[in-house]
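Computed from a predicted structure; not experimentally measured. Order of the sequence lines sets the chain letters (A, B, ...), proteins ahead of strands, with each chain counted from 1.
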Amino acid sequence: MIAAATTDAFLERAPVLLRDAVTGFLPEPWRTLVNALIAVGLILGIFGTLFAFITLAERKILGRVQNRPGPNRAPIPFINKRFFGLSQPFADGVKSLTKEDIVPRDADKVLHYLAPVALLAFSILTFAVIPYGRNLVPVELDAAVLYFFAAGAATELAVFMAGWASRNKYSLLAAMRALAQLISYELPLLLSWVPVVLIAGTLSTTAIVDAQAGWKFGFIPHWHVFTPWGFAGFVIFMVAALAESNRSPFDTPEAESELIAGHLTEYSGFKYALFFMAEYFGMLALSGMAITLFLGGWRSPLPFLEFIPSYLWFGGKLLALIFGFIWIRATFPRLRIDQLTRFAWKFLVPLALINLGNTIVWSLMSNSSALMQLARWPVCAAIILVPFVVLGRKLSAGVAPRIYRYA
Amino acid sequence: MNAVLIVIALVTLGAAAVAMTLRNLIHSALLLIASWAGVAAFYLWAGAEFVAFAEILVYVGAVSMVVLFAVLLTRRSRADLTVTPDSAGRAISGFIAGGAVCGVLVGAIVATPMGVGSSPTPTVTVKQIGVQLMGTHAASLLIVGVLLTVALLGAIVIASADRTDDSEDTP
Amino acid sequence: MGLSVQNLWLIPLLPLVAAAIGALTPRTGRTLAAGAAILAMSFSFLLSCGALVTALANPATHATSNFAWFDLGMGALRLGWLLDPLTAFMCVMVTFVGTLIFIFSTGYMHEDANAKQFFCFLSLFASAMLGVIVANSLLLLFVSWELVGLASYLLIGFWFHKPEAAGAAKKAFITTRIGDLGLLLGMLWLYDSTGSLLFYDGGHGVLEAGALSALTAHTALGGFALSTIIGLLIFCGAVGKSGQFPLHVWLPDAMEGPTPVSALIHAATMVAAGVFLIARVYPLMSADQALAHVPFHALTVVAFIGAITALMGALIAVAQNDIKRILAFSTVSQLGYMMLAIGVGSWVAAIFHLLTHAFFKALLFLGAGSVIHAAHHEQDIRSLGGLRSHMKVTFATFAIGMMALAGVPFLFSGFWSKEGILHAAHEWDVSRVPLLFGLAAVVLTAFYMTRLVAETFFGKARSHASEHAHESPASMTLPLVVLAVCAIALGFLGTPAFPWLQAKLLGETEVLGHSLLAGSGLMMLSVVLVALGLGTGWAIYGRVTREKSTSPDPLAARFPGVIAFLGARMKFDELYAATVFKLNAATATFADVLDRFVWDGAVRFLARLGEFAGVVNREADEDGLNAGFDAGSESLRGTGKAYSRAQTGDAHGYLRIIAIGFVVLVLIMMLGGNR
Amino acid sequence: MTALQLCLVFSSALFCVGLVGALARSNTILVLLGIELMLNAANINFIAFWRFSPSPAPATGVMFVIFSIAVAAAEAAVGLALVIAVYRHQKNIRLQEANRLKG
């Protein structure tokens, strides 16, 4: 991490100043090591806590959507007040720690044990390159975006390992499904951020955030999401991210109505909790990357709001995206596996490729006259909208509207 | 410096060697992934950051998936695991051939004087790679793109079951 | 309006572009494909004329434009273009004849569903041939050479649904490949010994004094100069491509392709490539002439092969009934003449004959195509007849072509070019055999051409098809007329009185006022021989024409004593086969005896091959020499079977062998030190 | 032994592990994986020579490896598709039984 620039407001500089105060007295090689350890500890602590409360939030919001209260009984120890069940996550944690750890007799024990660990490890690895605020990026890498997706790619393996090692038919089916789904959605996911790299001209996350600095006309931020290709890329990214993190409506690997609990069937206790945690970590990491790539990173949307520290902006955007995830889970039905792959190959991938071409058109038109600058908006919007409509029509062709006869 | 290299090499080789001897194909594939990760670590050690991530992305992220998928799709029964009489002979001849190649290669390497003791780790930024890819190697990049497209289309054609053909083949 | 050597690549490029256009157009776009092909060839023709102007301005120089293709470890591999009168004349000939054949094809292939592909292949063919011509590098020449082979394969097998056509295509491809192997070996050896494959490179080329003296200074196997061996290896390629004995077997079968293809193969492109190649590397072939101690010279082999081919082709042609097959064997024979001319040291005579032959052979083939087209694909001359009145233009032009080929004196180009060859053979002091063979072939040529014309055009129609034949459309007759004019006019480029072409090719200033009848003794002899052939032919076939298509052949009927060894009169096919085979066996025996006493082991071996072919033919029924080559193919197949036993399909085995081979190679490298 | 030699010995050893795997195993997938290992060994050589070359500026070794990885991906896709096709045909994937072109 770089030393804080002195021109920033105090709150903006606070984290770096605090860290420097703690480690400043150490000799140089030690200081970098301790700094890194502090960063790891902070990430684990903050995101661990976040995970705990997001689970609660999810249950609460789901309850709200489904017109029921959600968990509200767990009291805070010793003072015995409920506070809407705010201590529920800790109760869950204690529960999962104390439950029996069941391993099937025929299971591949090593892999069965390794799967949740690997999943969590790879999920955490992805946090390393996300810029959480001004000058707050744990590891400054030249090829950071590539690193992020390389580390993320390995999580698929863990799901497969879990499903295969359980030696359970449902789990194996889930593993196959997970593979098919992850392979299918890896492609649009990767293709959706290539335009950003193209426009920003870099693979470094901090540089990408820097490329989104400033405001047009003083109030429209230069975020990538506010361009036709950026908006399309963002939507494709979020859809693929939903699928990559096995979230509803793409949660076929753990579809409880078909596969009991998919690859999680034979897991219990703390291993199950680890899976749960990794899933949320994956979701958080992908949201963080979406923010970095499309939503201007830690930058504030309006000039006069800049006094709020950057890491708070990042956190706010993160929570908003997570809320979006939960909302989608609450409202969309699950897709069938064939619909899911067809959607990926016949809709998302072509659209992402067209979007790539769209970006090229955009950047070619950006160096010309003011008229071209203006014209590229409708042109690029049309380039992405027309295929969207056409592909959407083709995808839904032959699917008759459902008649609810007994409802 | 060399110690790190030796550790990486030993881990990679160990994983690969065990993977090649295991009966359980899934275990082999997973160990090979570890081996590929070791190769990526070697790239990192050598300062080729981009290549390392690309290796992880392609091998661990994509190739391994396809391999696992193929293993699952072709899993038949325990009959595939039985040792056929010619297995032992093939294994022995394989070891002899491989060992001979290894001996020859290592002998050649050791016998060749290599003047380079240690030079500073070269750096190559992503930007340089991008410029090279789009400049000097633009034609190669295009060709590789075409190759990949054609290969994937071919893979789909080969692997997709042609249901109509079965009825026509039977006389 | 010259064309400099730097832009010479445009000439082969244009037909290549046309081929690409043809390949990319849909199946229905035949007009586009044909138009592109003809347009490209016409433009190439114009460019070639420009090149000719440039070349003639300075005929003694070999203008080159070389460039590095890619870098090898020890140096760059260089290619280039070469512009000298030889290149220019060949270019003009190929593009001109090619254009006319293309135009003819639009009429001939009008009804074919795949006409678009046809034009695409034709353009590729022409492009490859032009590539052979303009190349200044043996490598570039070889690449184009192989492209010629590929295109000929595609075209001969154009009607691949016919098994004969598919078989003929394969035969042509494989047979020429045997020769090409020799060419490849020669090329590699040449590169190994000189380090260059460029013909002319400012003193460093392989055809220039430095490299040649180095090549002749070294001796290799059996006391031969290196240049002799390399020259003979390169000659192998020419033998295959130009249909020389003993690799001529593919040429008659190549008739299975559409007739314009036959015209193109026999006149302008494929077979001419071999002669052209030897003419091009003539300095290399003749480099050993000055050496007295070698057992024999490279050119001697060329001369004998050419002589054998000339006589053999003519003999076989006498006994054929298919109109295109007669012409095919006449091509074999004429190519033998050209090789003979080169062998006896007069490559200019060979090129002169190549040029004139290109025109009148194209004329003959296109005329035959016109006949076949009109007679609804009836090709047997016994079933034709009486076409003279139905097809006046075709008859007139065909007759001109026939007289040119037969060497009717003074007016026709074939006479002058053949005369040149015979003179050269006469002046050759090594052996009389080529001259005698050549003179014999003169008689036979006149004889069988007379027979062909008499059977086809005279008498009365002997089948329904020939009875109702109509003159072909203008797109077919127009090229015939143009070619006929050329077949006459071209002869005056190189008469002994005004040897303009020869002088230009040799880079000398032309000299007027030789006696027109220089060397008149030989000329008179050959005039007499031509008259003899024509007269005999007319006496046998023309005076009394055939009644029915099934009636017996008068030759066998009238002169049983002359051709005594024909034996009892059987069916005519067998009779002809027996004629061919016996004469051939006699030739082989004769050559064998000759070689046993005169020449050394290698030639004896060649002759033994011929004898062997003859002996095998004794048992064969239909086509004289083919059986011998069937045996050759059998042994090849046996070798292939032996190889295929190694092809177990066991991937492990392959990999193991690769690994072991690698180890062995590395060990050899390590233990053997550096080279 | 210099570091470069170490790298080369590493790559040769990896190559031979792949070779032995490809030679000794009958399962076609494992043979393919052995071949992938050999490819990786070659890539290691490229990177090693780039790393220890006196003037590594043009990054040619890196370029080579990038292209080689792309080609390896294509190879894996086609190879495994072939394996699946073979499996569909003869119901097992033993390489020594897949020795005919027709069937």
Exercise for review: Would you please test A/L182 and B/M65 for side-chain contact (heavy atoms from CB on, under 4.5 Å) and show each step?
Suggested key: CA-CA 9 Å; A/L182 294 172; B/M65 295 293 128; 5.5 Å; no

For atom [atom1] of [X], decide whether the heavy atoms of other residues, nucleotides or ligands shown that lie under 6.0 angstrom number more than 12.
X: A/K109; atom1: NZ; value: yes
X: A/Y170; atom1: OH; value: no
X: B/F69; atom1: CZ; value: yes

Practice item. Measure the spacing between CG of B/L57 and CD of A/E186 and express it to the nearest 0.5 Å. Key: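 Result: 6.5 Å between the selected atoms.
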
**Study point:** Nearest-0.5 Å distance that lies between atom CG in A/L141 and atom CD in B/E49
**Key:**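 Nearest 0.5 Å value for the CG-CD distance: 5.0 Å.
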
Is any side-chain heavy atom of [Y] closer than 4.5 Å to one of [X]?
X: A/F160; Y: B/I26; result: yes
X: A/L157; Y: B/L68; result: yes
X: B/H27; Y: A/L111; result: yes

Check your understanding: Which region of A/A180, side chain (C-beta onward) or backbone (N, CA, C, O), has a non-hydrogen atom less than 4.5 Å from a non-hydrogen atom of chain B, or is it both or neither?
Key ->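 Both backbone and side chain.
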
Exercise for review: Please step through side-chain contact (heavy atoms from CB on, under 4.5 Å) for the pair B/I56 and A/Y147, ending with a clear verdict.
Suggested key: CA-CA 9 Å; B/I56 294 270; A/Y147 165 84; over 6 Å; no

Practice item. Check B/F53 against A/A150 and note the closest heavy-atom contact, atom names and distance. Key: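 Where B/F53 meets A/A150 most closely, the heavy atoms are O-CB, 3.7 Å.
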
Review point. Chain A heavy atoms under 4.5 Å from B/I129: which part of the residue, side chain, backbone, both or neither?
Key: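 Neither; nothing under 4.5 Å.
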
